[in-house]
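Okay, so here's the structure we're looking at.
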Amino acid sequence: MQPFTERAIEIIKSIPPGRVMTYGQIARLAGNPFGARQVSWLLHSMSRVHKLPWHRIINAKGEISYTGSEQREMLEMEGVIFTKNGKVDLHTYQWLPELTRTLEEE
DNA sequence: TGAATGACAACCC
DNA sequence: CGGGTTGCCATTC
């Protein structure tokens, strides 16, 4: 298992409810600036054994990629509001592990 | 071993 | 803003 994978998993697991992250964001934090695709691969591959909040991972456009799942509903259930375009306001809901506690304290 | 694929991203038109 | 193209990386056939 590569460090990238482990770190990515750690990051994903650290995403609190009602928050989302983009593939690229995770990839960079995990050490692979261009590993956005590996994150997606990682997700549907590892989510089987690991209990990862895969539904909190969306693309850079703030939209759901894997339509055909209940991802959207799951997020809405956690308090994420979708625009009429079916997108998420990243500026509001994107999770930033770097800053954390300071900003997100309500 | 080489080619194709993927729950993406950035860029260009 | 939408659609098409290119780039990057790891996995699978």
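Proteins come first, then strands; the chains are lettered A, B, ... in the order of their sequence lines, and each starts at number 1. The basis for the numbers below is simple: all heavy atoms, side chains too, and nothing from hydrogens, waters or symmetry mates.
Within a 6.0 Å radius of CZ in A:Phe82, other residues, nucleotides and ligands contribute more than 12 heavy atoms.
Taking a 4.0 Å limit (strictly below) on heavy-atom distances, residues 74-88 of chain A does not reach DNA chain B anywhere. Contacts with DNA chain C (heavy atom under 4.0 Å) in residues 32-46 of chain A: A:Phe34, A:Arg37, A:Gln38, A:Trp41, listed by number.
Listed by first then second residue, pairs satisfying salt bridge (charged side-chain N to carboxylate O under 4.0 Å, His left out) with a partner in residues 4-16 of chain A read A:Glu10-A:Lys13, not counting sequence neighbours. Applying the side chain to side chain donor-acceptor pair (under 3.5 Å) test to every pair with at least one member in residues 83-93 of chain A, sequence neighbours left out, gives these pairs: A:Asp89-A:Thr92.
Contact of the A:Ser69 side chain with the A:Trp54 side chain is registered, since non-hydrogen atoms from C-beta on lie closer than 4.5 Å.
Annotation: the span from A:Ile58 atom CD1 to A:Gln94 atom CD amounts to 7.5 Å, rounded to 0.5 Å. The CZ atom of A:Arg28 sits 10.0 Å away from atom CZ of A:Phe34, with the distance rounded to the nearest 0.5 Å.
Here the side chain of A:Arg56 pairs no donor or acceptor atom with the backbone of A:Met21 at under 3.5 angstrom. For A:Ser45 (side chain) and A:Leu42 (main-chain N/O), no donor-acceptor pair under 3.5 Å exists by modelled atom type.
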Query - salt bridge (Lys or Arg N to Asp or Glu O under 4.0 Å) between A:Arg19 and A:Glu78, worked out - result: CA-CA 8 Å; A:Arg19 287 281 138 64; A:Glu78 294 185 348; over 6 Å; no
Output a table of donor-acceptor pairs, distance under 3.5 Å, between side-chain atoms of residues 70-77 of chain A and any protein atom two or more places apart or on a different chain; print 'none' if there are none.
unit_1  : atom_1 : unit_2  : atom_2 : d
A:Gln71 : NE2    : A:His55 : O      : 2.9
A:Gln71 : NE2    : A:Ile57 : O      : 3.0

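Nucleotides of DNA chain B lying under 4.0 Å from heavy atoms of chain A occupy a range whose first and last members, 5' to 3', are B:dG6 to B:dA9.
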